[in-house]
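This report concerns only the one structure given below.
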There are 2 protein chains.
Amino acid sequence: MATGRNHRPATRSRGIPEATVARLPLYLRALTALSERSVPTVSSEELAAAAGVNSAKLRKDFSYLGSYGTRGVGYDVEYLVYQISRELGLTQDWPVVIVGIGNLGAALANYGGFASRGFRVAALIDADPAMAGKPVAGIPVQHTDELEKIIKDNGVSIGVIATPAGAAQQVSERLIAAGVTSILNFAPTVLSVPEGVDVRKVDLSIELQILAFHEQRKAGEEAAASGADVTPPPLRGGPAANRKGPDGDVPAVMPA
Amino acid sequence: MATGRNHRPATRSRGIPEATVARLPLYLRALTALSERSVPTVSSEELAAAAGVNSAKLRKDFSYLGSYGTRGVGYDVEYLVYQISRELGLTQDWPVVIVGIGNLGAALANYGGFASRGFRVAALIDADPAMAGKPVAGIPVQHTDELEKIIKDNGVSIGVIATPAGAAQQVSERLIAAGVTSILNFAPTVLSVPEGVDVRKVDLSIELQILAFHEQRKAGEEAAASGADVTPPPLRGGPAANRKGPDGDVPAVMPA
DNA sequence: TCATCTTTGTGCACGCGTTCACAAAGGCAT
DNA sequence: ATGCCTTTGTGAACGCGTGCACAAAGATGA
């Protein structure tokens, strides 16, 4: 069963922990900013502050890449930019396709951060025939029928899914069958993919719900001693009685 | 120093681990789908498969909420939907504002997943005077000058930042000063916020770079015994010599 | 009522990630 | 050349998250 296996597919290969990999882009961004200001070197303390992490963590992260710093001085900005770029595979060009050119897909196509770091939008794909040929962000949208051909012709290995939830699984299967092995999924669904395929998901709704949880907790804490039923009484007072019944008493909270 | 402190602000308060909180929306989504199909109960195994997680993990997650299952039977779908909704704070209405109505902001405003789960777009805010009054997703865009008033009048505590990177920090400060305590940041910057404010970030560029790393590793593994210089020779052969020089030999890889 | 069968809830062990704290390393001034 | 001062690199401890494996609980049927 390869049900919804997310990242953590194989960290042990070259020794760099997954958590570290996830922070490298952060460091790279901070370093690039320093590079543009022609700053020659940074200390772990300064760079950590810029990246919003602990300096010890940063040093340990870098230690996985090798000993690239100079004691008493810090890190050479240009050199580190190069090393991290190489480690992340950003010294080569990554053609990506975006599937689903709705509001979100169009926004992604227009996103500048794409082209800047080695990623190139090779094609935009949509199931709506009316979209076909219409240019978005300067790139003509192609129909889903062309998907396999596009992937193969361009050697695409990274796909971005920005379709409605209902189409995401099927799209992912077609992408994978055509040769894609990494997927960035914006659709609110759990994708089921075979082993060896990496999936990362970006889910607005989930992020908001997590924020809501903390927000509620904050509100509950400051109104601690008030009459509000924060942390309400057990509620399921009896055994397992009332909830097996006609459950008409359970507030039907969720709209959809 | 409150530099870029991300989540993990206070997990210990009510005992629910952060990792569990992050999965609750996933369970909720799967449960809602079951509810719509009028499925009365699910086993941890079934639900775990639908949510793409391990069943033991799911049971442990639920155990933090209380004992809501029935041994030998499973979990009551409706009841669980209610409990998780309540735990996440979704039984109340959360007004949110979106700042920065470019391509992405507009896409977010149009995103249906917003309204469905207790979140309501209270206002759209943009710095461009030309945008003011123009309706996006049926909601008229308001100018940044109104930001503070909007936050206070609507009791907004959650803000979404979809501005360019350069404006994000300042926008976050204004949001926070006006009363916002949770921020979802789409701008590619590290936000510096005071203690007590939660920030979650969604960063397309970072996700792609992480995928690129794994993609590169895959490519390197399968071309293991070939002549390609994957895992290239140490490269910094000498001591710290060449990288302190005029560094003209370091390929200037990063464009911007 | 009692036996059987299913599924939960969780004790336990393990591994990853984070942080502390410090010795080693190197630059720099005298 | 030598000693001081800064900053890295990392050993070690700790805590969180995960997954196994099983006992307890309850439903179901005879």
Side-chain angles (χ1 to χ4, degrees), chain A residues 1 3-13 15-24 26-27 40-49 51-77 79-80 83 236 238-241 243-244, chain B residues 1 5-13 15-24 26-27 40-49 51-77 79-80 83 236 238-241 243-244:
Chain A
M1 59 167 73
T3 304
R5 60 189 320 283
N6 287 349
H7 32 58
R8 187 109 7 151
T11 298
R12 72 284 188 240
S13 94
I16 300 186
E18 187 63 26
T20 295
V21 172
R23 280 188 294 267
L24 290 182
L26 225 51
Y27 302 145
T41 60
V42 264
S43 68
S44 63
E45 203 72 47
E46 292 167 324
L47 186 53
V53 302
N54 182 306
S55 72
K57 194 186 298 186
L58 179 142
R59 286 198 299 275
K60 179 143 290 191
D61 283 343
F62 285 175
S63 79
Y64 292 117
L65 307 184
S67 292
Y68 292 155
T70 305
R71 301 181 190 224
V73 175
Y75 299 92
D76 183 283
V77 172
Y79 188 70
L80 206 45
Q83 288 300 339
R236 55 192 303 272
R243 77 174 196 276
K244 289 298 300 300
Chain B
M1 57 169 73
R5 59 191 319 286
N6 287 351
H7 33 58
R8 189 104 9 148
T11 298
R12 73 285 191 237
S13 94
I16 300 183
E18 187 63 26
T20 295
V21 172
R23 281 187 294 267
L24 289 182
L26 225 51
Y27 302 144
T41 61
V42 265
S43 68
S44 62
E45 203 73 46
E46 294 168 322
L47 186 53
V53 301
N54 182 306
S55 72
K57 194 187 298 188
L58 179 143
R59 288 198 298 277
K60 181 146 292 192
D61 283 342
F62 285 175
S63 78
Y64 293 118
L65 307 183
S67 292
Y68 294 154
T70 305
R71 298 179 191 226
V73 177
Y75 299 91
D76 183 281
V77 172
Y79 187 70
L80 206 44
Q83 288 301 339
R236 57 193 299 275
R243 76 175 197 275
K244 289 298 300 302

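Residue numbers start from 1 in every chain, and the chains themselves are labelled A, B, ... in the order their sequence lines are given, proteins ahead of strands. Remember, it's a predicted structure, so these values are computed and weren't measured experimentally.
- Contact between the side-chain N/O atoms of S44(B) and the OP1/OP2 oxygens of dT7(C) is not found at any separation under 4.0 Å.
- Place V42(B) and R59(A) on DNA chain C by their nearest nucleotides, and V42(B) ends up nearer the 5' end.
- Atom pair L65(A):CG and dG9(D):P shows a separation of 10 Å (rounding to whole Å applied).
- Listed pair Y75(A) / dG9(D) meets the phosphate criterion, a side-chain N or O lying under 4.0 Å from OP1 or OP2.
- Residues S44(B) and L58(B) share a closest heavy-atom pair of CB-CD2, 3.8 Å.
- Comparing the axis of the opening five pairs of the helix from dT1(C)-dA30(D) to dT30(C)-dA1(D) with that of the closing five pairs yields an angle of 10°, rounded to 10°.
- For dT8(D), the base has a donor-acceptor partner in the side chain of R71(A) [N/O atoms by modelled type, under 3.5 angstrom].
- In this structure, the nucleotide among dG9(C), dG26(C), dA21(C) sitting nearest to the side chain of T70(A) is dG26(C).
- Of the side-chain N and O atoms in R23(A), one or more sit less than 4.0 angstrom from OP1 or OP2 of dT18(C).
- Between E18(B) atom CD and dT18(C) atom C1' the separation is 16 Å, expressed in whole Å.
- In this structure, the side chains of L24(B) and L65(B) come closer than 4.5 Å at one or more pairs of heavy atoms.
- Phosphate contact (OP1/OP2 of dC20(D), side-chain N/O of N54(B), threshold under 4.0 Å): present.
- Among dG27(C), dA21(C), dT7(D), the nucleotide with an atom closest to any side-chain atom of S43(A) is dT7(D).
- Between dA27(D), dT18(D), dG17(C), one nucleotide has an atom nearer to the side chain of A19(B) than all others, and that is dT18(D).
- In this structure, the CD1 atom of I16(B) is 12 Å from the P atom of dG17(D), given to the nearest Å.
- A donor and an acceptor atom sit less than 3.5 Å apart, one in the side chain of K60(B) and one in the base of dG19(D).
- Remark: P of dG9(D) and CG of L47(A) are 12 Å apart, rounded to the nearest angstrom.
- Ring-centre distance between Y68(A) and Y79(A): below the 6.0 Å cut-off.
- Dashed line: the shortest gap from a side-chain N or O of K57(B) to OP1 or OP2 of dT18(D) is under 4.0 Å.
- Taking CG of N54(A) as the reference point, atom NZ of K60(A) lies at 11.0 Å (rounded to 0.5 Å).
- No side-chain heavy atom of Y75(A) sits less than 4.5 Å from a side-chain heavy atom of E46(A).
- In terms of position on DNA chain D, the residue among G72(A) and D61(A) whose nearest nucleotide sits closer to the 5' end is G72(A).
- Computed from coordinates, the D76(A) CG to dT7(D) P distance equals 16 Å when rounded to whole Å.
- Of all heavy-atom pairs spanning S55(A) and A48(A), the tightest one is CA-CB, 3.5 Å.
- Residues L80(A) and F62(A) meet the side-chain proximity criterion, which asks for heavy atoms closer than 4.5 Å.
- Scanning both residues, Y27(A) and L47(A), for their nearest heavy atoms gives O-CD1, 4.5 Å.
- Nearest nucleotide to the side chain of A56(A), out of dA21(D), dC20(C), dT8(D): dC20(C).
- Among the protein residues, F62(A) comes within range of no part of the nucleic acid, since none of its heavy atoms lies under 4.0 Å from any strand.
- Going from atom CG of L58(B) over to atom P of dC20(D) covers 14 Å, rounded to whole Å.
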